[in-house]
Amino acid sequence: MEHGQLRIADVAVSGRRDGPDIAEKEPVIPGGPVREGWPDGAGEPAWPVSVAEALGVQDRLRPLVDLVGPGPAAPATVAGLDVAYAEDGDRLAAAVTVLDARTLQVVDSAVATGRPAFEYVPGLFAFRELPALLDALDRLSTPPELLVCDGHGLAHPRRFGLACHLGVLTGLPAIGVGKTPLVGAWEPPAEHRGAWSSLVDGTEVLGRVLRTQDGVKPVFVSVGHRMGLENACAQVLALAPHYRLPETTRTADRLCRTALANNV
DNA sequence: GCGACAG
DNA sequence: ATCTTGTCGC
């Protein structure tokens with residue numbers, strides 16, 4: 001599956017490298033951009049290398065998020081994405097597993113290895129894993145109908161978390177499922193599976209705190225792209241019939257870990 | 001000014 | 001994310 005087939009948005013993904021403030025231009029990753037052939041804008045770098053550039057990228061892509069689409073009510077295939085890091089944090093493996101939405105069986109999968117593409121900065125987390133995740137998506141034989149991301153979507157300081165970024169870049173419906181909160185206020189939902197409470201920032205609803213199993217810690221669900229919050233939660237519940245996390249993330253997690261262990 | 005802070 | 005020991009519970 002080529003980037004073209006994924007319909008990577010034809011937009012500038014990077015930030016401008018020329019700026020007045022020298023201090024803010026310091027590369028976050030020594031050596032600069034790590035990805036070649038990125039669908040960058042005219043004359044612009046392949047990937048942001050500083051915090052200032054990354055913030056600029058988010059600001060530019062944020063308007064491209066589709067908040068209208070309710071999303072597929074009954075997707076045939078759902079993909080889970082996750083990344084595992086080596087102990088030294090020098091190497092990583094990204095995995096995508098595609099499940100049959102009805103049987104929850106893995107019908108396709110792919111792995112890509114690489115290096116973290118950015119320093120870990122809360123709010124800029126996506127820039128670390130995106131290149132490897134897109135590489136893995138490229139290796140699938142068929143595009144999935146929905147992406148379930150390990151991290152937040154709209155529940156982000158600038159309303160553009162990993163799930164939004166991945167959704168915009170691929171054009172696919174995407175939802176974010178975080179294990180811990182990043183932003184927003186919330187109250188613990190009732191103890192039973194399916195119970196939820198709103199994750200809010202003032203009057204703005206960022207997502208939902210959803211209990212996927214009786215008595216277990218809830219997960220944080222937010223819209224990524226081309227999905228409605230109600231539908232997103234329904235999909236997550238359907239994907240988590242027995243465990244706290246959706247089967248999509250569980251299978252992807254196992255795949256990238258074993259891949260990392262086998263140096264594959 | 002001092003914490004908090006997806007993975 | 002990753003490192004860690006035992007422990008509580010089904």
Side-chain angles (χ1 to χ4, degrees), chain A residues 28-29 34 51 54-55 57-58 61-62 65 80-97 111-136 147-169 174-186 191-193 199-201 206-210 212-225 229 232 236 241-246 248-261 263:
Chain A
V28 169
I29 297 292
V34 298
V51 167
L55 290 173
V57 172
Q58 295 187 327
L61 298 188
R62 166 69 185 82
V65 173
L81 305 93
D82 194 22
V83 172
Y85 294 79
E87 295 181 27
D88 49 45
D90 223 27
R91 205 164 51 89
L92 61 73
V96 184
T97 52
V111 175
T113 58
R115 301 190 147 288
F118 210 83
E119 168 191 12
Y120 172 65
V121 179
L124 298 179
F125 165 64
F127 294 96
R128 267 177 93 67
E129 307 185 337
L130 224 32
L133 287 172
L134 289 167
D135 279 346
L147 303 180
V148 176
C149 308
D150 193 22
H152 299 101
L154 291 180
H156 174 276
R158 290 168 296 284
R159 312 299 181 254
F160 196 70
L162 173 64
C164 299
H165 207 144
L166 212 37
V168 167
L169 260 41
I175 66 186
V177 179
K179 295 182 283 294
T180 61
L182 172 60
V183 292
W186 52 282
E191 290 295 323
H192 65 274
R193 166 181 156 86
L199 179 64
V200 301
D201 182 3
L206 305 180
R208 282 182 187 177
V209 185
L210 178 66
T212 54
Q213 296 297 323
D214 291 0
V216 303
K217 287 200 329 181
V219 296
F220 298 77
V221 179
S222 59
V223 167
H225 186 59
L229 183 54
V236 170
H242 300 307
Y243 298 96
R244 178 193 178 219
L245 298 178
T248 37
T249 39
R250 285 167 47 77
T251 53
D253 179 77
R254 276 181 303 178
L255 181 54
C256 61
R257 287 198 197 201
T258 59
L260 196 60
N263 257 296

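Just so it is clear: chains get the letters A, B, ... in the order the sequence lines come, proteins before strands, and each one is counted from 1. These figures come from a predicted structure and were not determined experimentally.
- With a 4.5 Å cut-off on side-chain heavy atoms, A:F220 and A:V177 do not count as touching.
- Residue A:G161 is in base contact, counting any heavy-atom pair closer than 4.0 Å across all strands shown.
- You'll find the side chain of A:L210 reaches within 4.5 Å of the side chain of A:V236, heavy atoms only.
- Counted within 6.0 Å of NE2 on A:H242, heavy atoms from surrounding residues, nucleotides or ligands total 12 or fewer; the atom is thus considered open.
- Put simply, CZ on A:R254 is 19 Å from C1' on C:dA1, counting in whole angstrom units.
- Using a 4.0 Å heavy-atom criterion, one finds that A:L162 contacts the bases of the nucleic acid, with or without backbone contacts as well.
- Taking a pair as Watson-Crick or G-U with both hydrogen-bonding distances under 3.5 Å, no stem of three or more pairs touches DNA chain C.
- The residue A:R257 sits close only to the backbone: its heavy atoms come under 4.0 Å of sugar-phosphate atoms, none of a base.
- Residue A:A155 is out of contact with every strand shown, counting any heavy-atom pair closer than 4.0 Å.
- In this structure, A:F125 reaches the bases: a heavy-atom distance under 4.0 Å links it to at least one base atom across the strands shown.
- Nearest heavy atom pair, residue A:C164 against residue A:V223, reads SG-O, 3.8 Å.
- For the residue pair A:V65 and A:G224, the shortest heavy atom distance occurs at CG1-O, 3.4 Å.
- With 3.5 Å as the limit, one finds a donor-acceptor pair spanning the side chains of A:Q58 and A:R158.
- Taking the six-membered ring where the residue is Trp, A:H165 and A:F127 present perpendicular rings, their angle passing 60° and hence far from 30°.
- The distance between atom CG of A:D214 and atom P of C:dC10, rounded to the nearest whole Å, is 13 Å.
- A:L166 places a side-chain heavy atom less than 4.5 Å from the side chain of A:L130.
- Counting only Watson-Crick and G-U wobble pairs whose two key distances fall under 3.5 Å, DNA chain B forms no stem of three or more pairs.
- For A:K179 and A:D150, the salt-bridge test passes: some basic side-chain N is under 4.0 Å from an acidic carboxylate O.
- Atom pair A:D90:CG and C:dC3:C1' shows a separation of 17 Å (rounding to whole Å applied).
- In this structure, A:D201 pairs ionically with A:R159, as a charged nitrogen and a carboxylate oxygen lie closer than 4.0 Å.
- Taking atom NE2 of A:H242 as the reference point, atom P of C:dC10 lies 19 Å away to the nearest angstrom.
- Nucleic acid contact for A:G89: none, since no nucleic acid atom lies under 4.0 Å from a heavy atom of the residue.
- Under the 4.5 Å side-chain criterion, counting only non-hydrogen atoms from C-beta, A:P157 is in contact with A:L182.
- Taking atom CD of residue A:Q213 and atom P of nucleotide C:dC10, one finds them 15 Å apart after rounding to whole Å.
- Looking at heavy-atom distances under 4.0 Å, A:P157 makes no contact with the nucleic acid at all.
- Note that the first and last nucleotides of DNA chain B, 5' to 3', having any atom under 4.0 angstrom from a heavy atom of chain A are B:dC5 to B:dG7.
- C:dA1 atom P lies 16 Å from atom CG of A:D88, rounded to whole Å.
- Using a 4.0 Å heavy-atom distance criterion, A:L124 is classed as a base contact.
- Cation-pi geometry between A:R91 and A:Y85 is not satisfied (NZ or CZ under 6.0 Å from the ring centre, within 45° of the ring normal).
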